[in-house]
Amino acid sequence: MEKIPMTRAGHTALETELKHLKTVERPAIIKAIAEAREHGDLSENAEYHSAKEKQSFIEGRVKELEGAISLAEVIDPAKLSGSIKFGAKVTLVDEDTDEEKTYQIVGEYEANIEAGLLNIKSPIARALIGKEEGDSVEVRTPGGQKSYEVLKIVYA
């Protein structure tokens with residue numbers, strides 16, 4: 001199996017979510033299923049079916065998180081430097097609109113574009129890998145071709 005790169009913060013967030021699912025969500029859903037069973041006929045019991053569906057989701061997410069954590073390769077961006085690579089915080093300026101954006105390149109399990117966490121497999125991140133400050137980057141997006149200039153690279 002291929003290792004999954006992630007930052008220490010991303011790894012900690014997955015472990016926290018896994019612990020919450022196992023210690024809070026799982027016991028609560030078991031209790032909800034037991035209560036729904038007490039209501040009688042299971043074939044027409046919406047509460048029971050809803051609880052079983054939620055249990056299935058929780059168990060699936062637990063397995064997914066356990067798999068990701070077991071394959072995690074935790075990378076400390078503070079130990080890196082140079083051109084853009086995993087963990088870099090990159091400040092870009094859109095060459096058309098002069099709008100500045102800052103992204104950190106992270107693993108797919110911790111990516112959140114609204115929070116500025118860019119999936120390493122995304123088109124923008126792939127285009128940025130290996131670039132230096134001052135370089136121009138052409139990115140094909142669903143909205144068309146975009147041009148960015150790399151203003152700053154920080155590893156922290």
For the student: nearest non-hydrogen atoms of [X] and [Y], plus distance:
X	Y	result
Ile153	Gly82	CG2-O, 4.0 Å
Val74	Thr7	CG1-C, 4.1 Å
Ala125	Asn119	CB-O, 3.3 Å
Pro77	Ala156	CB-O, 3.7 Å
Arg140	Pro123	O-CB, 4.0 Å

* To do: Hey, could you give me each pair passing side-chain hydrogen bond (donor to acceptor under 3.5 Å, both in side chains) that has a residue in residues 146-156? Not counting sequence neighbours.
  => Asp94-Lys146, Glu138-Ser147

* Residue pairs, two or more places apart or on separate chains, that pass salt bridge (Lys or Arg N to Asp or Glu O under 4.0 Å) and touch residues 69-89 -> none

* Can you sort out the partners of Glu100 under side-chain hydrogen bond (donor to acceptor under 3.5 Å, both in side chains), two or more places apart, ordered by chain and number? => none

Looking at side-chain heavy atoms only, is the closest gap between [X] and [Y] below 4.5 Å?
X	Y	answer
Ile75	Leu80	yes
Leu128	Leu92	yes
Val90	Lys131	no

* To do: Go through the structure and list residues passing salt bridge (Lys or Arg N to Asp or Glu O under 4.0 Å) with Lys121, not counting sequence neighbours.
  => Glu108

Atom pair [atom1]/[atom2] of [X] and [Y] - distance to nearest 0.5 Å:
X	Y	atom1	atom2	result
Tyr109	Ile69	OH	CD1	10.0 Å
Ile113	Lys101	CD1	NZ	7.5 Å
Thr12	Lys19	OG1	NZ	12.0 Å
Leu18	Thr23	CG	OG1	9.0 Å

Side-chain heavy atoms under 4.5 angstrom apart, residues restricted to Ile, Leu, Val, Met, Phe, Trp, Tyr: same cluster for [X] and [Y]?
X	Y	answer
Val154	Val150	no
Ile124	Val137	yes
Leu117	Met6	no

* Asked: More than 12 heavy atoms of other residues, nucleotides or ligands under 6.0 Å from CD of Glu53: is that the case?
  -> no

* Asked: Can you name the side chain to side chain contact (heavy atoms under 4.5 Å, CB included) partners of Ile120, sequence neighbours left out?
  -> Phe86, Ile105, Ile129

All N/O donor-acceptor pairs, side-chain side in residues 24-37, below 3.5 Å, sequence neighbours left out:
| residue | atom | partner | partner atom | Å |
| --- | --- | --- | --- | --- |
| Glu25 | OE2 | His20 | NE2 | 3.2 |
| Arg26 | NE | Glu59 | OE2 | 2.9 |
| Arg26 | NH2 | Glu59 | OE1 | 2.9 |

* Asked: Any salt bridge between Lys63 and Glu66, counting N to O under 4.0 Å?
  -> no

